[in-house]
Amino acid sequence: MIHMHPDVTQVIERLRLTDDVFEKGRIIKYLMKEKGLRMKDIGELLEIQPSYLAHFLRLNKLPEIIIDGYYAKQVSASHLFIIARLHDYVTMMTVYEKVLSENLTSPQTENVVRELLYDVKAEGERLTDDEVDRFERLISRKLGTDVDFKITQTRVKGKFELGKKGNLADTTKMLRKLYKLLSSE
């Protein structure tokens, strides 16, 4: 349990009650810098995930013109959270101008920002459930049913994970079998 000074309790209550996204960001910054609270502590006090609070904290770095655009209802809070993920003023302004000129939705803005941050275009589609099932069955047939297999696909990365519980002898045997399968094709 976090022991707080009464003025911190009042600030936390103000954070809880305000609807202004920028005020939330300013309060979180104040609590961290001036009162020494960690994001985790603030999250516990509000019963909110620290990662959610980080979105508000990032708003503090947005250029004034973007803040004005929000208050003028030219962009939504979702747009702000997405644009605030960018690292520099020029890029933020470029994306903001694109949002305004092309009337981008939040998901479209997310795609633009993802492209800039990760140099990956949001194109293509994920494997279907049927493809994943067939892949899992193939792995079980070739490597054994005791091998854990997991596929993860995001918009910027795809990976599969193989796992086998056991000692070095067991896991080395499975890995050599996998190597042999892959190198024989």
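Everything quoted here is computed from the prediction, not taken from an experiment.
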Taking it one step at a time, do Asp130 and Arg134 satisfy salt bridge (Lys or Arg N to Asp or Glu O under 4.0 Å)? CA-CA 6 Å; Asp130 184 52; Arg134 288 192 320 237; 2.8 Å; yes
Any non-hydrogen side-chain atom of Leu53 less than 4.5 Å from a side-chain atom of Leu46? yes
Using every non-hydrogen atom in the two residues, find where Met32 and Leu57 come nearest and quote the distance to one decimal. SD-CD2, 3.8 Å
Using a 4.5 Å cut-off on heavy atoms from C-beta on, say whether the side chain of Glu136 contacts that of Ile139. no
Would you say Met92 and Leu62 make side-chain contact, with heavy atoms under 4.5 Å? yes
Report, as yes or no, whether the 6.0 Å neighbourhood of atom NZ on Lys61 holds more than 12 heavy atoms from other residues, nucleotides or ligands. yes
Please say yes or no: joined through hydrophobic side-chain contacts below 4.5 Å, possibly via intermediate residues, are Leu17 and Leu31 part of one cluster? no
Donor-acceptor under 3.5 Å (Arg85 side chain, Val113 main chain): no
With Val75, which of Leu104, Val99, Thr109, Ile67 fulfils side chain to side chain contact (heavy atoms under 4.5 Å, CB included)? Val99
Evaluate whether atom CG of Asn167 has more than 12 neighbouring non-hydrogen atoms of other residues, nucleotides or ligands under 6.0 angstrom away. yes
Shortest non-hydrogen contact from Val147 toward Met174: CG2-CG, 3.8 Å
Can you confirm whether or not the ring centre of Phe56 sits under 6.0 Å from the ring centre of Phe22? no
Could you walk me through whether Tyr70 and Asp20 pass the side chain to side chain donor-acceptor pair (under 3.5 Å) test, one step at a time? CA-CA 11 Å; Tyr70 170 73; Asp20 185 303; over 6 Å; no
Thr18 side-chain N/O to Leu15 backbone N/O, donor-acceptor pair under 3.5 Å: no
For a quick test of reading the model, state the closest non-hydrogen atom pair linking Ala77 to Val21 and the distance between them. CB-CG1, 4.2 Å
With a 3.5 Å distance limit and no angle check, can you tell me whether His79 reaches the backbone of Ser76 through a side-chain donor-acceptor pair? yes
Can you confirm whether Met93 sits close enough to Glu97 that some side-chain heavy atom of one is under 4.5 Å from a side-chain heavy atom of the other? yes
Does atom CD of Gln74 have more than 12 heavy-atom neighbours, drawn from other residues, nucleotides or ligands, at distances under 6.0 Å? yes
Counting only heavy atoms not in Asp119 (residues, nucleotides, ligands), do more than 12 fall under 6.0 Å from its CG? no
